[in-house]
Every structure is written in structure tokens, then in C-alpha cells.
Amino acid sequence: MSADIIDGKAFAANLRAKVAAMVPAFRAAAGRAPGLAVVLVGDDPASQVYVRSKHKATIEAGMESFEHRLPADASQEELLATVERLNADGSVDGILVQLPLPGHIDENLVIATIDPDKDVDGFHVTNAGRLAVGQPGYVPCTPLGCLMLLKDRLGSLSGLDAVVIGRSNIVGKPMAQLLLAESCTVTIAHSRTRDLPAVVRRADIVVAAVGRPEMVRGDWIKPGATVIDVGINRVPGAEPGKTKLVGDVDYAGASGVAGAITPVPGGVGPMTIAVLLRNTLVAAHRRAGLALADGAI
Ligand code: NAP
């Protein structure tokens with residue numbers, strides 16, 4: 001048996017096209033484009049690549065992209081003042097501060113300063129709380145993207161056993177909340193979990209968000225399960241000096257047992273930016289008091 005491949009790249013391209021198709025109606029109704037502001041502090045190469053791709057995707061969707069670059073030695077006060085200016089700017093619907101921030105800046109304080117109604121990354125405690133109690137808010141992009149892939153594959157998730165490996169605030173915890181809201185029976189596993197293979201073997205849905213290359217082995221997977229691999233790990237490649245990307249799941253082993261699996265790259269990765277654009281479009285509608293049809297995106 002060979003698992004079906006869940007094509008996150010194609011799903012994300014389709015979601016981005018749907019968002020782009022809804023922008024002209026927003027523009028006509030609101031008299032402006034939806035706006036996303038991205039703040040980058042310092043010159044971390046990976047962060048620069050992410051910020052560049054977000055800028056490009058925002059423009060391609062027909063939205064306004066505002067980039068704010070601060071030097072690595074910018075003070076915390078300067079960054080907080082930038083966030084506050086963006087909070088007050090009517091043309092900005094979404095604010096994203098690229099993480100990680102330099103060590104002298106308190107990340108939690110920066111996130112707490114973002115207006116929760118512009119927090120399209122969904123990291124503010126207000127949005128974490130809204131997710132926990134089932135109120136409309138903003139959900140972190142990567143787990144929301146995983147949920148979209150799961151619902152596209154499985155339809156209703158009600159009653160399924162789901163195991164989320166990882167309990168970070170940006171992936172594991174919100175993922176577990178989303179699955180609970182879909183009426184899954186949810187187990188959250190982490191570094192202290194006893195007998196992880198046995199826990200994973202119970203799962204109809206496995207979401208791996210660990211950051212350890214190919215840790216989840218093929219023989220941990222229940223036959224027919226749906227496997228979502230969030231991990232992005234760079235490891236040495238076949239040729240000397242070359243590297244390659246692998247997930248947190250042993251893809252070759254798991255795809256012989258699972259019903260469906262996301263590849264790395266091309267699975268969860270492309271969903272993050274697509275969902276960011278979706279969240280920005282939702283924020284723009286809410287802020288402008290415009291309705292967005294239920295389930296439209
Ligand atoms: P993180 O904050 O480092 O959290 C990792 C989690 O894995 C922790 O909860 C940790 O448990 C758990 N863990 C570590 N070793 C374990 C083990 N041996 N057994 C079971 N659990 C273990 O990582 P993250 O930010 O959630 O990211 C996870 C992965 O997803 C990374 O590879 C990251 O690159 C990737 N990622 C991808 C995207 C995307 O596709 N766009 C976005 C975000 C993250 P403890 O809490 O007990 O320490």
C-alpha cells in the first residue's frame with residue numbers, strides 16, 4: 001500500500017487564488033485594498049527570505065504590503081513605537097512581526113502590543129483565548145493550514161483519534177484546539193510523553209510538529225491514518241556539501257502504512273503564507289464592517 005500524497009502546494013495555490021479573487025470586491029466596497037504590514041528586525045537570512053516571500057505573495061494577491069525594517073540594534077521602545085503606529089494606521093489590517101527577535105527584545109511584550117484585531121499571526125493571548133473558548137479571532141497560520149488540509153482530505157473529523165506531537169504556542173497547542181473544536185479526541189504528546197510510538201499507533205490523525213528529522217517512524221503509524229508533517233529540518237544530502245529538507249516523519253516508512261501523508265517540502269510549508277493572506281482578508285472585512293460569506297475561504 002502506498003499513501004496518497006496530500007498536495008499542500010496545490011491547495012495553497014488554490015487558496016491564494018481564491019483570496020486574490022475576493023480582493024476586488026473588497027476594494028470596491030471599502031475604497032482601499034486590504035493591507036498587511038510586516039516588521040523585520042535585524043538581518044537574519046532565513047527571516048529575510050520569509051519576509052520577501054510574504055511581500056511578494058501579498059502583492060500578487062492584490063493587497064497592499066507595508067514593510068518596516070529595523071536594524072538589529074534597534075531598541076525595544078523603537079519596535080513598540082512602530083507596532084503602535086501600525087495599530088493606529090487605518091490602511092493596515094494585519095500586522096506581523098517576524099520572529100525570532102534579537103535577544104534584547106521581549107517577544108511576549110511585542111506580541112502583546114499588537115492590536116488583537118490586527119494580529120493575523122494569531123499569537124496574541126487574546127486570540128489564543130478566543131480559540132480556546134470558541135470565539136471568532138485569528139488562528140496561527142500553520143495549524144490552520146494543517147486543519148484545512150485535513151478537512152479537505154477527510155471531510156468530518158468528528159470522533160477521530162488525533163495525536164499532536166509538540167506543544168508549542170505557534171503550532172502544537174493551537175493545532176490541538178482546532179482538532180478539539182472539530183470534535184476529535186485529542187492527545188498532545190511532547191518530550192516527556194511515555195511510549196510515544198504506542199500513543200501514535202492509536203491515532204487516525206497524526207500531526208508531527210517536533211523539529212527532529214524523521215523522528216516519527218513508519219511502524220508507529222496506524223494503517224490508513226492521515227499524517228500531517230509540520231517539520232522542516234535541513235540535513236546533509238546525498239552529495240557531499242549539499243543539504244536537503246526533511247520532515248519530522250520518516251516519509252518513506254510512513255507512506256507505506258498511512259492512508260495519506262503530506263510531503264516535505266510541498267506539504268504544510270506552502271500553506272502558511274496562503275493562510276496569512278486569508279487571515280488578512282478576513283481582518284480587512286471585519287475592520288471595514290463588511291460581511292464575508294461563511295466558509296467563503
Ligand atoms: P518547538 O517550539 O521547538 O516545539 C517542539 C515541540 O516538540 C516541543 O513541544 C517539544 O516538547 C516537542 N519535542 C521535542 N523533542 C521531542 C521528542 N523527542 N518526543 C516528543 N516530543 C518532542 O517547535 P515548533 O515551533 O512548534 O516547530 C516544530 C517544527 O515545525 C519545526 O521543525 C519547525 O521548523 C516546523 N515549523 C514549520 C512551519 C511551516 O511549515 N510553515 C511553521 C512553524 C514550524 P517539550 O515541550 O516537552 O519541549
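In each ligand, atom 1 is the first atom listed, and ligand 1 is the first ligand listed.
- At a 4.0 Å heavy-atom cut-off, ligand 1 touches Arg212 through the side chain alone.
- With respect to Asp89 and Arg287, no salt bridge is recorded, no charged nitrogen being found less than 4.0 Å from a carboxylate O.
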Handout entry: Steps toward side chain to side chain contact (heavy atoms under 4.5 Å, CB included) verdict (Ile261, Asp229)
Key = CA-CA 8 Å; Ile261 186 166; Asp229 190 350; 5.6 Å; no
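- Only the side chain of Thr142 comes within 4.0 Å of ligand 1, judged by heavy-atom distances.
- Close to ligand 1: Ala209, with a non-hydrogen atom less than 4.0 angstrom away.
- Taking atom 11 (O) of ligand 1 as the reference point, the nearest protein heavy-atom neighbour is Ser191 N, 3.2 Å.
- Under 4.0 angstrom from ligand 1, the non-hydrogen atoms of Val230 come from both its backbone and its side chain.
- Nearest protein heavy-atom neighbour of atom 8 (C) of ligand 1: Arg167 N, 4.0 Å.
- Linking ILVMFWY residues whenever their side-chain heavy atoms come closer than 4.5 Å, directly or via other members, places Val97 and Ile105 in the same cluster.
- In summary, the side chains of Thr226 and Arg153 do not present any donor paired with an acceptor at a separation below 3.5 Å, with no hydrogens or angles considered.
- Taking only nitrogen or oxygen atoms, main chain and side chain alike, Ile165 does not reach within less than 3.5 Å of ligand 1.
- Judged by a 6.0 Å distance limit and a 45° cone about the ring axis, Arg32 is not positioned over the six-membered ring of Phe26.
- Salt bridge status for Lys222 with Asp204: present, with a side-chain N to carboxylate O gap under 4.0 Å.
- When non-hydrogen atoms are compared, ligand 1 lies under 4.0 Å from the side chain of Asn233 (C-beta onward) but not from its backbone.
- The existence of a salt bridge linking Arg217 and Asp250 is confirmed by a sub-4.0 Å separation between a basic side-chain nitrogen and an acidic carboxylate oxygen.
- Both Met271 and Ile170 belong to a common hydrophobic cluster when Ile, Leu, Val, Met, Phe, Trp and Tyr are linked at side-chain heavy-atom distances under 4.5 angstrom.
- Remark: among candidates Ala189, Gly211, Ser168, the nearest residue to atom 1 (P) of ligand 1 is Ser168, based on non-hydrogen atoms.
- Of the options Val210, Ile188, Val275, the smallest heavy-atom separation from atom 5 (C) of ligand 1 is shown by Val210.
- Remark: the Thr82 side chain and the His68 side chain contain no N/O donor-acceptor pair separated by less than 3.5 Å.
- Considering backbone and side-chain N/O of Thr272, one or more are found under 3.5 Å from N/O of ligand 1.
- Rounding to the nearest 0.5 angstrom, the gap separating the CD1 atom in Ile111 from the CG atom in Leu101 is 7.5 Å.
- Remark: the Thr272 side chain and the Thr142 side chain contain an N/O donor-acceptor pair separated by less than 3.5 Å.
- Scanning Pro270, Ala46, Gly166 for the heavy atom closest to atom 6 (C) of ligand 1 points to Gly166.
- Closest protein heavy atom to atom 20 (C) of ligand 1: His190 O, 3.2 Å.
- At a heavy-atom cutoff of 4.0 Å, ligand 1 is contacted by the side chain of Val171 but not by its backbone.
- Ligand-side atoms of ligand 1 in range of Gly269: 40 (O), range being under 4.0 angstrom from any heavy atom.
- The atoms of ligand 1 that sit less than 4.0 Å from any heavy atom of Met215 are 17 (C), 18 (N), 19 (N).
- Applying the 4.0 Å criterion to heavy atoms of Ile232 picks out, from ligand 1, the atoms 32 (O), 34 (O), 35 (C), 37 (C), 39 (C), 40 (O).
- If you number the atoms of ligand 1 from 1 as listed, the ones under 4.0 Å from a heavy atom of Ile170 come out as 25 (O).
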